[in-house]
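Sequence lines set the chain letters: A, B, ... in the order given, protein chains first and strands last, and positions in each chain run from 1.
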2 protein chains.
Amino acid sequence: MELDDTDRAILRILQEDARTPFSEIARRIDMSSATVHDRVGRMEDAGVIEGYHASVNAKAVGYGVSALVGLRVEQGREEDALERLREIEGVREIHLTTGEWDVILRVVAEDTDRLRDLMFDRIANMDGFSRSQTMIILGTDYEVEGPPI
Amino acid sequence: MELDDTDRAILRILQEDARTPFSEIARRIDMSSATVHDRVGRMEDAGVIEGYHASVNAKAVGYGVSALVGLRVEQGREEDALERLREIEGVREIHLTTGEWDVILRVVAEDTDRLRDLMFDRIANMDGFSRSQTMIILGTDYEVEGPPI
DNA sequence: CATGAAAGAATGAGCAG
DNA sequence: CTGCTCATTCTTTCATG
C-alpha cells in the first residue's frame with residue numbers, strides 16, 4: 001500500500017496516542033473525521049496498522065526484571081526449539097539474528113529468583129540449545145514505539 | 001497502586017486492543033462503563049498505564065531492517081555516550097545490561113546500506129565506545145506486547 | 001460501584017469536485 | 001478518486017446517590 005503524507009501524519013498521531021479521537025486527528029491535520037476514519041480503516045485492512053496496545057508498566061503488574069537472552073540452536077532443531085520457547089509465558093519476543101547468537105529472546109520475570117528458574121529450568125537446559133547467555137536489563141534509558149514516520 | 005482482578009482484566013483487554021470502547025470492556029467484565037472509565041483513569045494517573053500506541057508495520061513505512069547492537073562504553077563516558085545515541089533517529093531502544101555489553105540498542109534502518117551507514121558513520125566510530133557488535137534481526141518469530149497480566 | 005443525562009465521537013450512505 | 005456533509009447510533013464523561 002502506498003502511503004501519502006496525510007496517512008503518515010495520521011500514523012504519527014496514533015503511534016503517539018492510539019486513543020486520540022478521529023475528530024481530533026481531523027482537526028490537527030485539517031481534514032474531516034470521515035476521511036480520517038476511511039484512511040485508518042484502509043491502513044488497518046492493508047496491515048499497515050497492526051493493532052493498538054496499551055503500554056502497561058511491568059513493575060506495576062509484578063514483573064520487576066527483564067533480560068535479553070542469546071541462544072545457540074543445534075542444527076536441525078530450530079522449529080522444535082522455537083515452538084517450545086513460544087509456550088513459555090515469560091518469553092515476550094523471539095528474534096532470529098545474525099552474529100553471535102541464532103536466537104535472541106526478550107524475557108520478563110517477577111524477580112531475579114524467578115528469572116533464574118526460567119533460565120535454568122526452562123531455557124538453558126532445554127533440549128536443542130548448545131549455549132546461552134543472559135543479559136539482564138538494568139534499566140531502559142530510552143524507548144520509542146515502532147519505526148520513525 | 002494496588003490492582004485487583006477487575007483492574008487486571010481491564011489491562012488485559014486494553015493491552016490486546018487499546019481502542020476497545022469502555023462500553024464493550026464493561027460488557028465483557030460485567031461492570032458499568034462508568035466504573036471502567038474510573039478505573040482506567042486511576043491506572044493512567046498512577047502510571048500503571050503508560051500510554052496507548054498504534055503498532056505500525058515498519059516495512060510499510062520504509063524501514064526494512066532492524067538490528068540489536070551491543071556496545072562497550074569507555075569508563076566515565078556513559079552519560080555523554082547515551083545522550084548522543086538518543087539523538088539518532090534509527091535508535092529506538094537503549095538498554096543498559098549486564099554481561100558482554102554495557103549497552104544494547106534496538107535500531108531500525110531503511111535497508112542494509114543505511115544500517116551500515118548508521119553503524120559505521122554514527123555509532124561504531126562514535127567517541128566513547130570501545131567495541132560494538134551488530135546482530136541483524138532476520139525475522140521475529142514471536143512478539144507480544146508488555147508483560148503477562 | 002451504579003445510574004442517568006449531556007456532550008462528543010464513530011460510522012456509513014450518498015453526494016460533489 | 002477522494003474527500004465532504006449529514007444523520008444515526010454509540011461512547012465518553014461526570015455529577016449524584
Side-chain angles (χ1 to χ4, degrees), chain A residues 1-63 144-149, chain B residues 1-64 110 144-149:
Chain A
M1 177 181 180
E2 279 297 299
L3 302 178
D4 64 16
D5 291 348
T6 301
D7 293 321
R8 272 186 278 267
I10 293 170
L11 288 178
R12 239 177 275 121
I13 293 169
L14 289 175
Q15 196 180 41
E16 179 80 21
D17 181 0
R19 290 188 70 100
T20 312
F22 291 175
S23 58
E24 192 194 325
I25 298 174
R27 226 171 291 133
R28 289 207 232 158
I29 67 174
D30 205 40
M31 297 238 161
S32 77
S33 64
T35 300
V36 174
H37 179 253
D38 284 357
R39 282 171 178 263
V40 169
R42 274 188 294 111
M43 290 193 283
E44 288 172 350
D45 294 345
V48 174
I49 296 174
E50 296 173 337
Y52 305 95
H53 305 282
S55 298
V56 176
N57 185 306
K59 284 190 186 130
V61 291
Y63 285 83
V144 284
E145 300 288 326
I149 301 175
Chain B
M1 177 180 181
E2 279 297 299
L3 301 178
D4 64 15
D5 290 349
T6 302
D7 292 321
R8 272 187 276 269
I10 294 170
L11 288 178
R12 238 176 276 121
I13 293 169
L14 289 175
Q15 195 180 42
E16 179 81 20
D17 181 0
R19 291 188 69 99
T20 311
F22 292 175
S23 57
E24 192 192 326
I25 298 174
R27 225 170 293 133
R28 289 208 231 158
I29 66 174
D30 204 41
M31 297 238 159
S32 75
S33 65
T35 301
V36 175
H37 180 251
D38 283 358
R39 284 169 177 263
V40 169
R42 275 188 293 111
M43 290 194 283
E44 287 172 350
D45 294 345
V48 174
I49 296 175
E50 296 175 336
Y52 305 95
H53 305 284
S55 298
V56 176
N57 183 306
K59 284 191 185 130
V61 292
Y63 285 83
E110 288 85 343
V144 283
E145 301 288 326
I149 301 175

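- Taking OG1 of T20(A) as the start and CD of Q15(A) as the end, the distance is 11.5 Å to the nearest 0.5 Å.
- Rounded to an integer number of Å, the gap from CG of D38(A) to C1' of dG14(C) is 13 Å.
- Using a 4.0 Å heavy-atom distance criterion, R27(B) is classed as a sugar-phosphate-only contact.
- Per the geometry, CE belonging to M1(A) stands 13 Å off C1' belonging to dT2(D), to the nearest Å.
- Under the 4.5 Å side-chain criterion, counting only non-hydrogen atoms from C-beta, I10(B) is in contact with M43(B).
- With rounding to the nearest 0.5 angstrom, the CD1 atom of I29(B) is 5.5 Å from the OG1 atom of T6(B).
- Atom pair R42(A):CZ and dG12(C):C1' shows a separation of 15 Å (rounding to whole Å applied).
- Rounded to an integer number of Å, the gap from M31(A) CE to dA10(C) P is 17 Å.
- OP1 or OP2 of dA2(C) lies within a sub-4.0 Å distance of a side-chain N or O belonging to T35(B).
- The side chain of R39(A) has dT2(D) as its nearest neighbour among dT11(C), dT2(D), dT13(D).
- The pair R28(B)-E24(B) meets the salt-bridge criterion, with a side-chain N (NZ, NE, NH1 or NH2) lying under 4.0 Å from an Asp/Glu carboxylate O.
- Within the 4.5 Å cutoff, the side chain of E2(A) has no heavy atoms near those of the D4(A) side chain.
- Among the nucleotides dT13(D), dA2(C), dC4(D), the one closest to the side chain of H37(B) is dT13(D).
- Interface residues of residues 4-26 of chain A facing DNA chain C, ordered by number: P21(A), F22(A), S23(A); criterion, heavy-atom separation under 4.0 Å.
- Open room surrounds CD on E16(A); 12 or fewer heavy atoms of other groups in view lie less than 6.0 Å from it.
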